[in-house]
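Just so it is clear, the structure is predicted and the values come from calculations on it, not from any experiment.
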Amino acid sequence: MTQANMAPPAPAPAPSGASGPAAGAKPARNSLLSHSLAKPILALAALLVLDIIFIPGFLSLEIKDGHLYGPLIDILNRAAPLMLAALGMTLVIATRGIDISVGAVVALSGTVAAMLIGGTMVINNGQPEYVANTPMPVALAAALGIAVLCGAWNGVLVAGLKLQPIVATLILMVAGRGLAQLFTDGQIVTVYYEPFFFLGSGYLLGLPFSLWVVGAVLLVVGLLLKKTALGLFIQSVGINPVAARLAGIRTATLIFFTYVFCSTCAGMAGLMISSNIKSADANNAGLLLELDAILAVTLGGTSLAGGKFSLVGSMIGALIIQTLTWTIYSLGVPPEVNMVVKAIVVFIVCLSQSTGFQKLWKGRK
């Protein structure tokens, strides 16, 4: 028997069109569903479908004075402070840390800006006009400077003194809001200065200015993480800080700057909130915002164990939380239910990231 006779028969050619989508549809579908952003995107889409069905005019958009208005724009605008806080929290959690002082930093930065700007009415050519007590650039720089100092404090405690992150940031969580209340004597500080309001409620090219700020921060941080080794360093520290340090990465410096960045983002969020409500409320501004930021980060696919993180996922997580809040209020559900729903979501997210639960779930398949 010749070698040609021993060769296996050639496979029959596939029918025309059978080797296209039919052959690769299932793997493609599985790869899409296994993507890290698939779950948060599906969750956001489900909420939006619910709003479209039960809330009349949810998708309506109109232009007034060159600005876009509508429920979707309102959700995006109100989500901007949370999106900023989630950006900073993403890098902290990626290094196996946590920052529960975000809300206090929001209150502190907003209070400093409101107290410095204030606003005094003067008569100019017979017309009342409000003038800032301190030039607005100086006031904004001082507010962000306070936020940077808060981040440096957290960074020194965590990276320098090796305190547990939750304990180190708990100190500032209590002290920061206490300082804000001391500055204002527990009173609400009202701002009377029109240019300051633009930061939280102004519009640029038809869209809320706050969204442009979030987009700029996301773009800069995303480029730094993708185009430099910074993203790889953060991931390495989150996976194994000891091995990262032995490999030559300055883990303490990197962790220090993640906390500084997180507080800076919180300071910017505080300016947005203070600008939007035209005042500074040291008692309630940013209250529990750190919990929403942590939830947004975990909803976006960032692992609480460190290493794995996604900036875009955190943005989607923030939109999920804000859409959920907006939906609950719009449907007339009591606001207290919002906290219960968030608690259930936190439980589900933590359970899904549990190693024991994952093993149990895979074992049942």
Novice: Between Ser314 and Thr90, does the side-chain hydrogen bond (donor to acceptor under 3.5 Å, both in side chains) criterion hold? Intermediate values first, please.
Specialist: CA-CA 7 Å; Ser314 298; Thr90 300; 2.6 Å; yes
Novice: Can you name the closest pair of heavy atoms from Ala86 and Val297 and give their distance?
Specialist: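 Reported closest heavy-atom pair: O-CG2, 3.5 Å.
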Novice: Does Phe209 reach the side chain of Val213, with side-chain heavy atoms less than 4.5 Å apart?
Specialist: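 Sidechains of Val213 and Phe209: in contact.
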Novice: With heavy-atom distances below 4.5 Å as the criterion, would you say the side chains of Ser263 and Asp99 are in contact?
Specialist: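 Sidechains of Asp99 and Ser263: in contact.
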Novice: Return yes if some donor-acceptor pair links the side-chain N/O of Ser275 with the main-chain N/O of Phe196 below 3.5 Å, else return no.
Specialist: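 Yes, Ser275 side chain to Phe196 backbone: donor-acceptor pair under 3.5 Å.
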Novice: Could you check whether the rings of Tyr203 and His67 sit parallel, tilted or perpendicular, using 30° and 60° as the cut-offs?
Specialist: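 Rings of Tyr203 and His67: parallel, as their planes differ by under 30°.
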Novice: Side-chain contact, heavy-atom cut-off 4.5 Å: Leu47 with Trp326?
Specialist: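 When only atoms from C-beta onward are counted, Trp326 and Leu47 do not touch, as no gap falls below 4.5 Å.
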Novice: Measuring from Thr323:OG1 to Leu44:CG, what's the distance to the nearest 0.5 Å?
Specialist: 5.0 Å
Novice: Below 4.5 Å, heavy atoms only, C-beta onward: do Leu211 and Asn77 meet side chain to side chain?
Specialist: no
Novice: Determine whether Trp212 and Leu207 make a side-chain contact, defined as any pair of heavy atoms from C-beta on separated by less than 4.5 Å.
Specialist: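 Sidechains of Leu207 and Trp212: in contact.
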Novice: When clusters are formed by joining ILVMFWY residues with side-chain heavy atoms under 4.5 Å apart, either directly or through shared neighbours, do Leu91 and Leu219 land in the same one?
Specialist: no
Novice: Is a side-chain donor-acceptor pair under 3.5 Å present for Asn154 with Thr169?
Specialist: no
Novice: Between Val105 and Glu290, is any pair of side-chain heavy atoms under 4.5 Å apart?
Specialist: no
Novice: For a quick test of your reading: what N or O donor-acceptor pairs under 3.5 Å do the side chains of residues 222-245 make, sequence neighbours left out?
Specialist:
unit_1 : atom_1 : unit_2 : atom_2 : d
Thr228 : OG1    : Leu224 : O      : 2.2
Thr228 : OG1    : Leu230 : N      : 3.3
Ser236 : OG     : Leu232 : O      : 2.7
Asn240 : OD1    : Val242 : N      : 3.2
Asn240 : OD1    : Ala243 : N      : 3.1

Novice: When you compare the side chain of Leu299 with that of Ile316, does any pair of heavy atoms fall below 4.5 Å?
Specialist: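 The answer is no, as the side chains (C-beta and beyond) never meet within the 4.5 Å cut-off.
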Novice: Can you tell which of Thr184, Val191, Asn133, Thr134 makes a side chain to side chain contact (heavy atoms under 4.5 Å, CB included) with Met115?
Specialist: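 That would be Thr184; it is the only one of Thr184, Val191, Asn133, Thr134 passing the side chain to side chain contact (heavy atoms under 4.5 Å, CB included) with Met115.
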Novice: Would you say Val260 and Trp153 are hydrophobically clustered, going by side-chain heavy atoms of ILVMFWY under 4.5 Å?
Specialist: no
Novice: Is there a donor-acceptor contact under 3.5 Å from the side chain of Ser201 to the main chain of Phe198?
Specialist: no
Novice: Would you call Arg177 and Asn283 a side-chain contact if the rule is heavy atoms closer than 4.5 Å?
Specialist: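 No, side chains not in contact.
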